[in-house]
Structures are given as C-alpha cells and as structure tokens.
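Atoms considered below: every heavy atom in the structure, side chains included; atoms not considered: hydrogens, waters and symmetry mates.
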Amino acid sequence: MAGLFAALLLRREGWSVDIYERIGAELAGRGAGIVTHRELFDVLGRTGIDTEAAAVGVAVPGRRVLDRSGRIEGELGLRQVLTSWGHLYGLLRAAFPTENYHHGRNLVVHHSDFDVLIPSHSRIGKLSGGTRISMLLGTPG
C-alpha cells in the first residue's frame, strides 16, 4: 500500500510514475482490518481519493476498559473507523492508472540507470527498454 500512496502523491505533483509489483495478481484479498486515523484520511485526500468512501467500516466511538466483573473501569472517547485492508487497497488501486501498474515484474536496477536512488528493503529488478529512471522508490512488501 505504501507504494500506491507514494505513486499517487508523486503523480499529483506531476511525476510520471509506474509501479512494478513482484506479485503476479491483484493484492486486494490480502491483509486484515485497519484502524483508521485522521492522518490516513489527510493523506487519502491529498491523493485525490474521496475520504467519505474511505470511511466505510465500523464506527467506534472510543475505548472502554472493563474490570473482571464486566463493569466499565475506564473510558476514552476516540472516534475511529475500523475498515479492511482490501477496501483501502481497492480505493488506492482504482485511483492509479492500470497501464502504469505492472504485475509479476521484479526490477533489477544498475546504478548507472538512475539519478537518485532511495534504497528498498524489497528485491529490486531490471527495467527493460533502456528507460532512464529519475527516482526509484522501493517499498517493502
């Protein structure tokens, strides 16, 4: 998901962006539940995604701590939405052009192929066709 966030934000700033995903199929069925935070909706809005659509899930008004008998021992008002990883991924993926998203592609990059490298913790692969890379962002997956 980090790669999609970065790609969408870079596109909004005018960059030409392609994503090379080593997995050969869509990732939508992966992941678990996510507790949302205000910062998530802020960055979704900056990518151009409708934050109302992202707020689909179970609204939680706060947290409660119960004692052994089940009585409320403490309470904190903290409104959040519990949503799914797949839902957020679907919103991000739908906002990114299909023709720029390449499944089943590992990149092998030589230092002479780019101007700036931001190192990755993931396995990097080869970009064919002699394409000059201005920046390479790698996100661990």
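With rounding to the nearest 0.5 Å, the separation of CD1 in Ile49 from CG in Leu8 is 5.5 Å. How far CG of Leu4 is from OH of Tyr101: 5.0 Å, rounded to the nearest 0.5 Å. With rounding to the nearest 0.5 angstrom, the CG atom of Leu88 is 8.0 Å from the OG1 atom of Thr36. Atoms CG and CZ, from Leu9 and Arg46 in turn, are 5.5 Å apart once rounded to the nearest 0.5 Å. One distance of note links CG of Leu92 with CZ of Phe5; it measures 4.5 Å at 0.5 Å rounding. Between Leu44 atom CG and Glu39 atom CD the span is 11.5 Å, to the nearest 0.5 Å.
Scanning for side-chain contact (heavy atoms from CB on, under 4.5 Å) contacts around Pro61 gives an empty result, with sequence neighbours left out. Partners of Asp50 under the side-chain contact (heavy atoms from CB on, under 4.5 Å) rule, at least two apart in sequence or in another chain, are Glu52, Ala53. Shown here are the side-chain contact (heavy atoms from CB on, under 4.5 Å) partners of Arg12, two or more places apart in sequence or in another chain: there are none. By the side-chain contact (heavy atoms from CB on, under 4.5 Å) test, Leu66 pairs with Ile72, sequence neighbours left out.
Grouping the Ile, Leu, Val, Met, Phe, Trp and Tyr side chains by contacts below 4.5 angstrom, directly or via other members, places Trp85 apart from Val35. Note on Leu82: it does not cluster hydrophobically with Leu40, by side-chain heavy-atom contacts below 4.5 Å among ILVMFWY residues.
Taking both residues in full, the closest heavy atoms of Ala59 and Arg79 are given as CB-NH2, 3.8 Å, listed atom of the first, atom of the second, then distance. Closest non-hydrogen pair, Ala7 versus Phe96, comes out as CB-CE1, 3.5 Å.
By the 6.0 Å contact criterion, CD on Glu99 is enclosed, its count of non-hydrogen atoms from other residues, nucleotides or ligands being greater than 12.
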Could you walk me through whether His87 and Ile34 pass the side-chain contact (heavy atoms from CB on, under 4.5 Å) test, one step at a time? CA-CA 10 Å; His87 174 67; Ile34 292 180; over 6 Å; no
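Put simply, the side chain of His37 does not reach to within 4.5 Å of the side chain of Val81, judged on heavy atoms. You'll find the side chain of Arg11 stays beyond 4.5 Å of the side chain of Thr47, heavy atoms only.
Asp42 and Arg38 are joined by a salt bridge, as a carboxylate oxygen and a charged side-chain nitrogen come within less than 4.0 angstrom of each other.
Residue pairs meeting the salt bridge (charged side-chain N to carboxylate O under 4.0 Å, His left out) criterion with at least one member in residues 56-72, sequence neighbours excluded, are Arg64-Glu75, Asp67-Arg71.
Clustering of Ile, Leu, Val, Met, Phe, Trp and Tyr by side-chain heavy atoms under 4.5 Å joins Val65 with none of the others.
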